[in-house]
> 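Provided herewith is a single structure, encoded as structure tokens, for subsequent inquiry.
All values below come from the heavy atoms of this structure, side chains included, with hydrogens, waters and symmetry mates left out. What you see is a predicted model, and the numbers here were worked out from it, not measured in a lab. So you know, we letter chains A, B, ... as the sequences are listed, proteins then strands, and number each from 1.
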Amino acid sequence: MALSLNPAQRAAVNQISDPLLVLAGAGSGKTRVIIDKIAYLLHAGYQAEHVFAITFTNKAAREMRERVAKRVSREAAEPLTICTFHALGLKLLQVEHAAAGLRRGFSILDADDALNLFKELAPAGLNKDALQLLRNLVSTAKDEGLSPAQAIAKALSPRELEAAELYAAYQRRLSNFNAVDFDDLIYLPARLLDQDEALRGRWQARIRYLLMDEYQDTNRAQYRMVKHLVGARGAFTAVGDDDQSIYSWRGANPENLKDLARDFPALQVVKLEQNYRCSGRILRVANALIAHNPHLIEKRLWSAHDEGKPIRVLACRDELHEAERVAAEIFHRQIESQSRWHEFAVLYRGNHQARALEQALRLLGVPYHVSGGTAFFERSEIKDVLAYLRLLVNPDDDAAFLRAVQAPKREIGTTTLEKLALCAGSKHLSLLHAAASMDVQQQLAARPGAALMQFADQLERWRLAAASLSAGDLVARVISESHYDSHLQATVKDPVAIGYRRDNLAELLRFVHAAAKGRGALVDLQAELALLSFSERDEPGNAVRLSTLHAAKGLEFAHVWLVGVEDGNLPHEGSINEGRLEEERRLMYVAITRAKATLTLSYAAHRRRFGELERQQPSRFLDELPAADLQREGDDPERDASERRDRAGSHLARIAALLG
DNA sequence: ACGATTTTCAGCATC
DNA sequence: TGAAAATCGT
């Protein structure tokens with residue numbers, strides 16, 4: 001990367017009087033621009049506490065914080081707010097909780113808990129898809145900024161009315177729990193800002209300059225929140241790239257790029273078109289591919305780098321052959337070039353594709369790191385322990401109660417809980433309060449009643465202890481006194497899995513100790529934990545990176561292999577049918593532009609899908625790349641098919657022959 | 001209430 | 001194919 005800014009980057013940094021959209025192509029140094037702009041704002045006299053930078057992931061926020069602290073001094077960076085959209089929404093709600101009808105210590109339900117709560121209100125016997133569809137309608141309503149009452153008024157058909165009423169019931173239930181879901185962290189602040197002028201004034205005074213990263217990933221609600229926060233002044237910089245919009249399936253709305261120009265007539269647009277990452281050839285291939293998509297604003301990326309190595313296209317027999325070849329190539333290339341392992345990456349469409357690759361790499365003793373996978377905070381043992389914390393902070397959190405009361409098992413089953421819920425409902429008590437109430441106790445049988453009482457007593461003891469204990473010590477005490485470890489031994493059979501879960505809990509403990517330093521208040525800690533999704537220790541180190549295309553966004557590697565470039569996989573089957581080809585093309589574009597020096601694409605003639613060996617066709621996207629830049633390698637798939645049947649030594653061949 | 005067995009169903013995965 | 005959910009049986 002150049003030491004000084006290029007003219008476009010400088011223009012993006014220095015423009016602080018008008019609202020600004022920075023169209024930042026892949027590898028064009030956009031993070032650099034954001035960091036420098038923060039420094040420039042501070043230099044121009046902005047107080048750090050009035051400068052806000054918003055990202056999508058905690059990881060991005062963390063990285064930005066670290067880079068800013070290096071650019072300006074640590075002390076100067078301290079008062080800055082650099083966080084995710086949801087964390088900003090949460091901050092606002094914590095300050096303005098009364099206006100939102102919430103009490104201090106409100107809980108944040110994750111997607112799972114929210115769905116469970118929703119399930120109880122929805123008509124019984126719905127299958128998973130129908131339920132999720134209905135739940136998504138609620139999300140959509142919040143995304144559009146509709147209150148339950150507005151949604152009911154707006155419903156056109158009986159089905160829509162039913163969904164709107166379900167939305168209303170769901171919000172009532174959340175309110176009873178003193179809880180919000182993830183959507184609410186955006187929807188409620190946007191609503192408050194819209195309706196309460198004084199509140200809006202307070203926040204506009206606080207946020208004097210707003211920077212947004214990955215702007216193409218914002219949804220409607222996030223845009224409305226931002227619009228209210230920046231007001232007519234429009235002191236903001238939005239950085240994004242419509243060609244890297246790959247999250248529309250989870251609500252991102254690239255149209256927001258267009259609306260920005262409509263809502264802020266003074267909007268300036270700066271394009272960052274010099275790519276500092278890829279070789280000339282890699283960039284040319286990427287440009288050729290993305291040129292097949294329609295564009296709102298034309299942008300032409302160029303690179304000052306050499307042409308570089310040809311792009312290779314490997315034809316393979318099946319996914320095992322593909323994995324073996326890729327692993328062998330990485331193995332040899334590393335030795336040959338004396339590169340470090342972390343300069344190599346294998347990218348793929350679906351998580352399941354990692355398996356064959358892992359196997360092949362392990363066989364050669366190549367260290368690797370798989371990104372993504374099940375998020376740390378989604379693991380059941382972590383959610384169990386966090387449920388205790390939530391319940392300590394917010395006794396009305398019935399979702400947390402239901403989780404905590406059943407892990408570890410304490411002879412309280414569904415029948416008991418149903419009875420408890422019935423009593424609690426009629427007396428307008430939360431489940432925990434009901435469990436401790438004498439009235440309710442009398443209506444329960446002796447044994448379950450005693451078990452519930454014991455549970456409530458234990459929580460009360462912890463609550464009292466919390467005052468004099470650090471958050472970390474409290475969590476340690478909860479884990480030990482709830483006998484969670486015996487619970488693990490009783491429910492998990494595989495001793496390796498038990499060890500793994502213990503490790504996770506130890507990791508959580510370490511995290512809480514570190515996070516709670518200086519803050520201490522359990523309330524804040526609990527809220528922070530709810531927003532985190534990945535383990536902080538997720539340090540890949542010096543290892544080959546295996547990653548999905550989505551998880552690879554924002555990363556770069558010297559040598560990239562993109563595997564499974566087949567119709568049905570990339571583009572994915574579902575996207576072909578639903579005409580979402582453009583997003584699939586962007587996905588491939590993102591993959592190609594991760595590569596600095598070499599790029600290898602591969603596809604297999606056959607692939608095992610759902611247990612069946614299926615014939616595959618090379619991706620249609622390969623035809624959109626300039627043939628002159630591609631170097632096709634590998635065996636003729638037809639000839640291989642017969643060879644495969646003949647080869648005596650191949651175990652796979654025999655299995656494949658039996659199946660096929 | 002819980003473990004064992006059958007059935008189902010496959011994307012990407014943020015906060 | 002294989003993991004997770006649903007159902008069965010004690």
> C:dG2 P sits how many Å from A:Gln353 CD, rounded?
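Answer to the nearest Å: 16 Å.
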> Looking at C:dT1, B:dA13, B:dT14, which one has an atom nearest to any side-chain atom of A:Arg608?
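The listed nucleotide nearest to A:Arg608's side chain is C:dT1.
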> Is A:Arg586 salt-bridged to A:Asp243, cutoff N-O under 4.0 Å?
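Not counted as a salt bridge, because no side-chain N and carboxylate O are separated by less than 4.0 Å.
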> Taking the basic N atoms (NZ, or NE/NH1/NH2) and the acidic carboxylate oxygens, is any pair closer than 4.0 Å for A:Lys30 and A:Glu214?
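Looking at A:Glu214 together with A:Lys30, the answer is yes, because their closest N to O distance falls below 4.0 Å.
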> Roughly, in whole Å, what's the span from CZ in A:Arg250 to P in B:dT14?
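In whole Å, B:dT14 P and A:Arg250 CZ are 7 Å from each other.
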> How far, in whole Å, is C:dA5 from B:dC12 if one measures between their P atoms?
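Comparing P positions in B:dC12 and C:dA5 gives a spacing of 16 Å.
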> In this structure, how many angstroms lie between the C1' atom of B:dT14 and the OH atom of A:Tyr247, rounded?
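Taking atom C1' of B:dT14 as the reference, OH of A:Tyr247 is at 7 Å.
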> Does A:Arg224 pair with A:Asp194 as a salt bridge, N-O distance under 4.0 Å?
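The answer is no: the pair does not qualify as a salt bridge.
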> Is it true that A:Lys142 and A:Asp181 make a salt bridge, defined as a side-chain N closer than 4.0 Å to a carboxylate O?
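Judged by the 4.0 Å cut-off on N to carboxylate O distance, A:Lys142 and A:Asp181 do form a salt bridge.
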> Between B:dA13 atom P and A:His86 atom NE2, what is the distance in whole Å?
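Between P of B:dA13 and NE2 of A:His86: 17 Å.
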> Any protein N or O atoms within reach of nucleotides 5-11 of chain B? Criterion: under 3.5 Å, listing atom names and distances.
| residue | atom | partner | partner atom | Å |
| --- | --- | --- | --- | --- |
| B:dG11 | N1 | A:Ser575 | OG | 3.1 |
| B:dG11 | N2 | A:Arg349 | NH1 | 2.7 |
| B:dG11 | N2 | A:Arg349 | NH2 | 2.2 |
| B:dG11 | N2 | A:Ser575 | OG | 3.1 |
| B:dG11 | N2 | A:Glu584 | OE2 | 2.8 |
| B:dG11 | N3 | A:Arg349 | NH2 | 2.9 |

> Just the rounded figure in Å: distance from P of B:dT14 to CG of A:Asp112.
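So the two atoms are 13 Å apart, to the nearest Å.
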> Closer than 4.0 angstrom, basic N to acidic O: yes or no for A:Asp110 and A:Arg390?
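Not counted as a salt bridge, because no side-chain N and carboxylate O are separated by less than 4.0 Å.
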> Return the value, rounded to whole Å, for the distance between atom CG of A:Asp183 and atom C1' of B:dT14.
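Computing the A:Asp183:CG to B:dT14:C1' distance gives 12 Å.
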> Is it true that A:Arg220 and A:Asp143 make a salt bridge, defined as a side-chain N closer than 4.0 Å to a carboxylate O?
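No salt bridge links A:Arg220 with A:Asp143.
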> Under a 4.0 Å N-O cut-off, is there an ion pair linking A:Asp318 with A:Arg607?
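A:Arg607 and A:Asp318: not salt-bridged.
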> Check every strand shown and say whether A:Arg355 touches a base, only sugar-phosphate, or nothing at a heavy-atom separation below 4.0 Å.
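A:Arg355: backbone/sugar contact only, no base atoms under 4.0 Å.
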> Which whole-number value in Å describes the distance from A:Leu109 CG to B:dT14 P?
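So the CG-P distance, A:Leu109 to B:dT14, works out to 18 Å.
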> Please tell me if A:Thr548 has a side-chain N or O lying less than 4.0 Å from either OP1 or OP2 of B:dA13.
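For B:dA13, OP1 or OP2 has a side-chain N or O of A:Thr548 closer than 4.0 Å.
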> Using whole Å, what does the distance between atom P of nucleotide B:dT14 and atom CG of A:Asp143 come to?
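The answer, rounded to whole Å, is 18 Å.
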